[in-house]
Each structure stands twice: as structure tokens, then as C-alpha cells.
Amino acid sequence: MIFFFLLLNLTLVIKKLIFRTPLLYFLTLFLCVIIIFLSDCLMMMTLPSKALSQNQIVMLRNQCTWTDSEMLRSLPTFDRSTLYIKHFKKGSSYFSSSFSRIQKITMATLSTVSTDKDPVSSQNGSTQMTQQPFQVAKRLEKFKTTIFTQMSMLAIKYGAINLGQGFPNFDGPEFVKEAAIKAIKDGKNQYARGHGIPELNFAIADRFKKDTGLVVDPEKEVTVTSGCTEAISATMLGLINPGDEVILFAPFYDSYEATLSMAGAKIKGITLRPPDFAVPINELKSTISKNTRAILINTPHNPTGKMFTREELNIIAALCIENDVLVFTDEVYDKLAFELDHISLASLPGMYERTVTMNSLGKTFSLTGWKIGWAIAPPHLTWGVRQAHSFLTFATCTPMQWAATAALRAPDSYYLELKRDYMEKKQILVEGLKAVGFKVFPSSGTYFVVVDHTPFGLQNDIAFCEYLIKEVGVVAIPTSVFYLNPEDGKNLVRFTFCKDEGTLKAAVERMKEKLKKK
Amino acid sequence: MSMESKLSSVAKTTTPSPIQELSHLAQRCNAINLAEGFPDFPAPPHIKNAAISAINSDFNQYRHVQGICDNLANLMKEMHGLDVDPLTDIAICCGQSEAFAAAVFAIINPGDEVLLFDPAYETYEGCIRMAGGVPVYVALDPPCWTLDADKFMKSFTSSTKAVILNSPHNPTGKVFSKDELEIIAGACCTKDCLAITDEVYEHITFDSEKHISLASLPGMTNRTIITSSLSKTYGVTGWRVGWAIAPAFIASAIRNIHTKITDSAPAPFQEAALIALRSPPDYFESLKKEYELKRNYIVNLLAGVGFRIQFKPQGSFFLFAELPEDCLLSDVEYVKELIRQAGVVAVPGCGFFHSNLPSEELSKPCSSYQKRYIRFAFCKSHATLAAAAKKLVKLLDASGYLKLH
């Protein structure tokens, strides 16, 4: 940009001093613009030539997952590059075809969304970016690149009530916060033991025994991580080899696919479908085989709120034992089980020895930003998890571990009140959504509910969510981002009720007022 | 198939940390811990108070605190003259550890070679291998750990993707000089390689030695990922707030990967980071002075009892001391005896040395130096250092040298 302005000034000076005819002046200007364009071309092409790894390409491809924290992010790189390009687009249409090529190069390198079949070439001849053209449906192209930021900007711009973010707008219990403050004051601010402070490992083991009846060794079978997210990534990277087959149930929390890709796994998806998102047993039986390394289960389930039933878990257990398959379970919402009892797959006969059970503090204690999670597994599996964990984060936040120890010793009354509280909130939202005209699918657990938005006549989930923000002033999450095949989710959006009652009621009112069936 | 075979190949080839094992022995013997690199004195009160205030003000949900990026951008400009865009060039992570892991995953493909300087902090290799990369070590030459430009250049191949630079350096305390940085920068530019730096000890330098960031050298801004954290500068190694600073498209990649690894750094401590990063210049001045006093103390102490210290640390809070000339024990054996007899624990240097396979280095006689070094941490209160001195002094022989039996 600076170069551009300098040249412009230069041409103006030259014009004044030398040129007598406008023609010469404009020719010079034209030449300057070409020079600028070419140098920018060069810059665009050389910058990303060698840098991005396959992992990053996959990351970006999977960026079409609207993590709750994305809502708060600033503009991603791609936005700024396209803005930059737009400045030049204003210049001359002569360059438009070249600009769109730059755009494609930029897009291919930054967000891998080109639908162009031709490989993108880079100046150095590096083939890392050119091996396979990345394809994605047009609506995801838009979605992947800027929709999260656009949505969150829109939400702020339109003052929308946010029922999209999966974290509470109320805070955690005082006694836990005080425990953290005490830990800081007591000087517990240095590296904790890599796999967790002993007190917390013990507290986790105790709680697990209360919940499942299983007795585990806190020193050898419990690993503390930075949130359940890190438990998942450490499990994937520590136990999955490149090429291993792993089964996922779609829709799924966005980090699963991403970290499996980082581990080089071959992902096999089984889609759960409305209205009850039951496990398609026959499809599972035909997908699982002796070649399957692991299966990942999230119960209670984000985004649908489904809870795996005892029958489903029994079948899954039998298949895993028969085919010698590992199981990774994400049970962060286990204390938000409303309609059914939560069952840990590890507690079924023959399953503990092949299961990694993961959980965290965040959802149960409304302290999602503290990042205390854990993985419970038999020693031979814990070993792999701990290895990866030691390279990913080395150790987990010390003062919060002390606070978590206090939290996990909370009396049963805490959990009962938590449930009661959330059930009241759920009722407000579900009744409200039904009254507005959504088709609401039953949610047995978590603080999410998915609904069918098609009565309102919008093309797909993303279009609906945009409409909901702009015209109604409420934020929901389009679920297509949680599927391997986005088409599977185009009719569904996810609302959360982890908000105070006032917020929920206000959101319902807005929808009743402004959302009309077509 | 046995359960053990279910471990990934990475898990099978990694071994437990020798540092942690010795730590357990030290705990059992109630030894004075000069091994692990964290302070035993309190963190600065104004930073702790900021964290407490954040918890009380309900900054407890998933968070990205943009103000940290603004402050970091200012610091980078002041310290190194770097122009960093706070909106696009910074990723906040759970400690430098995670920033480094995410950076490696962002740029390393299976088969990519990564150059590291030996001796090296043990975790780098683990991250590189997890991403499928191949670590290639370039030995720094004792006794002053100098960079051999020839050796360095010869280590590049067509597969070399990146160079890792840790300066100020753990375990030697070396601060890479301007000349050495120019060699590294020149190589990165000529070979079109990237660099990942670990600058966690950036504010701990001595004798008016200045820490220079590799990214500030010509041609390096576009190809360097800087990683650092609050831990060492502010004495809060347990808070897990770190960052990566890189050209926008790499920073974006690191952010995406970080989101999948942990999603967010601990929220209240991000808030505290705002206060920490705005500390006045005299905070950093006194930090340097304090550590320099401790460095001088420990160098005098250990040199006085017979350790060979041919290289005084220029930065970090580690001293890499060579065993006394006549000592026949290996570093591991020596440390064990040091724990048992003197009640002082340090880290045997062998864990920091690596070999490339196949390696000509192993057959050379000078590679035996890899078993002759012990790392002492002096990020301890004066009382602790004095207590360590007292314990060592008890074992001195007639000529005033440390004698372990």
C-alpha cells in the first residue's frame, strides 16, 4: 500500500515536471499500477509457498466448525487478504481475472475452499499446496472463511441475544472460586506434576467411583489435562497411528475430526438422525470390523442432547470386544443428564481395559474458561495419553487444579440443584421454541437442544441463522458444521439454555414476535 | 492383540522424563531442589492480585483477551523494533509449550526435517515427532557452546523445513550473539526455511547481554514464529499463559490448531497477563539484577568446590556445570550421589544431548562430554541457595573440593 502511494506521488510529480500530454501521464500511471499488481502477485505467491503443513490444510478445511470461542475472535487472516484485494478491484476491471486468481491462490492456501479443479501453483514449485485440489460445497466456502466472524459481528451489530455459545452467562459457585483464589495466595503458582496434582487425581478417582462404581488408581490411571479438549487431543495423538480407522458419530464436537486428522486417522462417520438420533445398529455393525482401531462416543451428546441408552451401549460394547476396538468417551455433560441416567461405557463388563473416559470441570461448575479436564484409563492406555499430553501442554494450570479438587468434593446437593436449575431453564426454552413453531427434538441431556427450522422457509441452516440474527435478534448455531456431510445438518440448528432465565425469556419473546412461519 | 500393542508408535518410543524421576528421588530424600526450572519464591503480588480480581469479576468462561495481543505488539516493537499486528499475528496458548506444539503442527509435515541445536530442551523433539517430523541435531561446541557455521550449513537438506532456536538457552544459559543469529538468518533465507524460536527467558539476561529476537533480522519477519510465555518472566510457571507471534497466515493456523488442542488458555490468568505485560521497565530491570546476583552466587559456589565452569551463563536461570576433571562418575551417577550424600538435586546433562542416526558424532571421542555436564537451576530464593551451599560445604575434602564417596 505504501508502495502504491509513493508511486502515485511520483507520477504526479513526473506529470507536473515532464509530461505535457495527458496520454503520457495516464500511460505512466497504468505502468505503475501494473508494477504494483505484479509485485503483490509475487508477494501473494511467495508468502505461503512452503509454509503450511497438511495438518494445517486439514485444520482449515475443518474450520467450518463454529466453536463457541470463535464467536469472540477477531477477523481471521483471510478477511484481511480479501479486503486488500478489494482495494485493487476498485482500480480496474482489466485485472479482475488475475485478481480472482490471486483470490483463489489466497483462498486455497488460507482456507482450502477453492472449487477450482486446477491445482494451484506456487512460485517455488513446492508441491505441498498443489497435491490435491480441495473441494467444498459453495455454501460452506462462505461458511468456512468468514461466517463465524460475520455471525459474531452481526450478533453484536444487531444486539442479538446469544443462544449459540456453549458457555454460561452466569458464573461458577463461590466456593470453587474461593479455592482458586486461596491457591494463588498460598503460592501454588508453579508447575504442577505433569499428569496432575495428587490431590486432584485422588478427587477425580473418588468421584469416578461414586459415579460408576469403578475403582481406579489415581496415580496410574488418571491424567489431568487443559480441559476435556486437551484430553481428546492427547488421546488421539497418543493412541492413534496414522492410517488407523476410527469411527465417529455425526454430528460431533468439532475438535474430534480435527485432532483425528492431525493423528492421521482414517475417519468413518455414522450419522445420527432425527427425531431421536438413535444409533443405527445395522450401519454400525457393517462399519465396525477388526480393522477398526477406536470408536468415539460423546454422551450426553453435543449438539443433539441425545443420551446413549443401555441397550445401545451394550451393543457397542459387544462389538468392541468382538473386534478388539478401543473406545474414547467424552462425558463432559454427565451431570446434565435429565431424562435418563448417564452410563459410562467403561463400567460395562469387559470395557474398562479398552476405554479412555474423559470429562472436565467446565460444564458441571460453569467455569468453562478454567480448562481443567481429565482422562481416566487403564495404565497401558494412560501411558500414551500422558506422553502426548507432556508434549502438548506439559502441565495443567496449578491454582485451578487446587480449586477443582475442592469442586469435586462438592456434596450431592450441588449436583441436584444444578440439574434442577437447568431443567427449569430447559423448560423455558423448549416450550418457547415449540410455541414459536420450531419442530423441537427431544433432548435428554446437555444444555443444548436441536430444532428443525424448515417451517420458516429458509434455504438451509446457515441462511436461517443469519436471518435469525438480523431480523429476529437471536443467535443459534447451524448444525451442518458438526457433520462430515454438511447436507445432513441443513435442516437443523442448535440452541443452548445455559443462560440465565431472563435471557432465555427475552430470546423466546423476540422469536415469538418476529419469527413467522411460511 | 495385546493391549500394550495399542500404543501409538510415538508413545512406544518415548521414555519417561529423567528430570521427573530424579525429582521423585529428591522428594524422598528431602533434597534441595536445584533441578526443576521454577522459582521457590512468591510471584509478584500485583500480578497475583490481578488474577484474583479476575476470578472475582467472573472472567471465568472461555476467553480470548485481545488486550494481551495489543500489549505484546507494543513490547515487540519496543524490544525488537518488530511490527506485529495484534489482530492477526498473535495466538494465545496454554503456555509456550502449547504454542510450540501448535506451531510445529502448523508447519511440519511427515518427513520434514527440523534442525535443532544440541544440547536442547527435551520436549522439542517430542512435538516434532508427533507431527511426523524428523529432528536433526547440530551440536554446539563446548566449552562455550559456540555455533559452528560449517556444521550448521551442512545439516541442511532438501527436506529441511525449519530451524528451532532457543535463546537465551536451556540448559547452557547461552545467549546467541548477533553474528550467530546472522548465520542462522542467512541460512533460513537462502534455504527458504522457517524458524521457530523459544524465547521464554527473553527478559533474563546478564552483564548487559541483550536478547535479540531472530525475527528482527533481515528477511526473518516473514518466516519466524516467536513463542514465549508469562512463566519465567513473571514467575508463574503454573498459570499456562503463552503465545505465538508469526506472520498472519501462520498465526491463524496456530490459532486454529490451538483451538483443537485446548480451545482456550485459562481465562482469569489471561486477564492477569494484561497487568503483567504492562509492568513498568524497572520490573524487568530488577528481575535481571536479582537473577544476576543469584547467577554470580552459584557460579562462585560451584567453581569454588571443584566444578569446571568455563562458560558463565549469559541468560536464563540455568548453569551448565562440568564435572570436576578427576571425577570418574557419569553425570547421572554424580547426581544420584549428590542427592544421597549432599541432599542437593540437579539435572544430569545427558538428557539434553541427542544424536542423529546414523551419526559419525558418536564415534568421536569428544562425544563423551555429553556425560560430563550437570544443570543447576538458580531460580531459587537466596535462602535456598545458601542452604544448598551449606550442604555442599559439609562434603569438602582437605583441599576444599567436593568429594563424593
Spell out, as yes or no, whether a donor-acceptor pair under 3.5 Å connects the side chain of Gln190(A) to the backbone of Gly37(B). no
Grab the two heavy atoms, one from Ala51(B) and one from Ile184(A), that are nearest each other, plus how far apart they are. CB-CD1, 3.8 Å
Please check this pair: side chain of Thr237(B) against backbone of Tyr191(A), looking for a donor-acceptor N/O pair closer than 3.5 Å. yes
In terms of heavy-atom pairs under 4.5 Å with chain A, which of Gly95(B), Gly235(B), Pro42(B), Gly242(B) leads? Gly235(B)
So with a 6.0 Å cut-off around NZ of Lys182(A), is the heavy-atom count from everything else above 12? no
Grab the two heavy atoms, one from Asn189(A) and one from Ala43(B), that are nearest each other, plus how far apart they are. ND2-CB, 4.4 Å
In terms of heavy-atom pairs under 4.5 Å with chain B, the winner among Lys371(A), Glu230(A), Arg386(A), Met400(A) is Lys371(A)
Checking Thr225(A) against chain B: side chain, backbone, both or neither under 4.5 Å from a heavy atom? neither
Between Gly362(A), Ser366(A), Gly187(A), who has the most heavy-atom pairs with chain B when the cutoff is under 4.5 Å? Ser366(A)
Nearest heavy-atom approach of Lys185(A) to Lys48(B) is O-NZ, 4.2 Å
Heavy-atom distances under 4.5 Å only: say whether Phe269(B) touches chain A with side chain, backbone, both or neither. side chain
When rounded to the nearest 0.5 angstrom, what is the spacing between OG1 in Thr259(A) and NZ in Lys260(B)? 9.0 Å
Indicate yes or no: at least one non-hydrogen side-chain atom of Asn169(A) is less than 4.5 angstrom from one of Gln61(B). no
Among the listed options Ile52(B), Thr123(B), Val236(B), the residue most often paired with chain A at heavy-atom distances under 4.5 Å: Ile52(B)
Please report the closest heavy-atom contact between Asn60(B) and Lys177(A), naming both atoms and the distance. ND2-CD, 3.6 Å
Top contributor to chain B contacts, counting heavy-atom pairs under 4.5 Å, from Pro399(A), Gly227(A), Ala180(A), Gly172(A): Pro399(A)
Heavy-atom contact with chain B under 4.5 Å, split by part of Phe170(A): backbone
With a 4.5 Å heavy-atom cut-off, do Phe391(A) and Arg129(B) have their side chains touching? no
Segment of Pro379(A) engaging chain B (4.5 angstrom heavy-atom cut-off): neither
To the closest 0.5 Å, what do you measure between CG (Asp58(B)) and CG (Leu367(A))? 9.5 Å
Sub-4.5 Å side-chain heavy-atom contact between Cys94(B) and Phe394(A): no
Contact class of Ala265(B) relative to chain A, heavy atoms under 4.5 angstrom: backbone
Leading residue by heavy atom contact count with chain A [cutoff under 4.5 Å; candidates Ala267(B), Pro39(B), Gly238(B)]: Gly238(B)
Nearest-0.5 Å distance, CD of residue Glu178(A) to CG of residue Asn56(B): 8.0 Å
Looking only at non-hydrogen atoms, find the nearest pair between Asp171(A) and Ile55(B) and report the distance. OD2-O, 4.1 Å
Looking at Thr398(A), Thr229(A), Thr368(A), which one has more heavy-atom pairs under 4.5 Å with chain B than the rest? Thr368(A)
Can you tell me how far CD1 of Ile257(B) sits from OG of Ser233(A), rounded to the nearest 0.5 angstrom? 11.5 Å
For residues Met130(B) and Leu237(A), report the shortest heavy-atom separation together with the two atoms involved. SD-CB, 3.9 Å
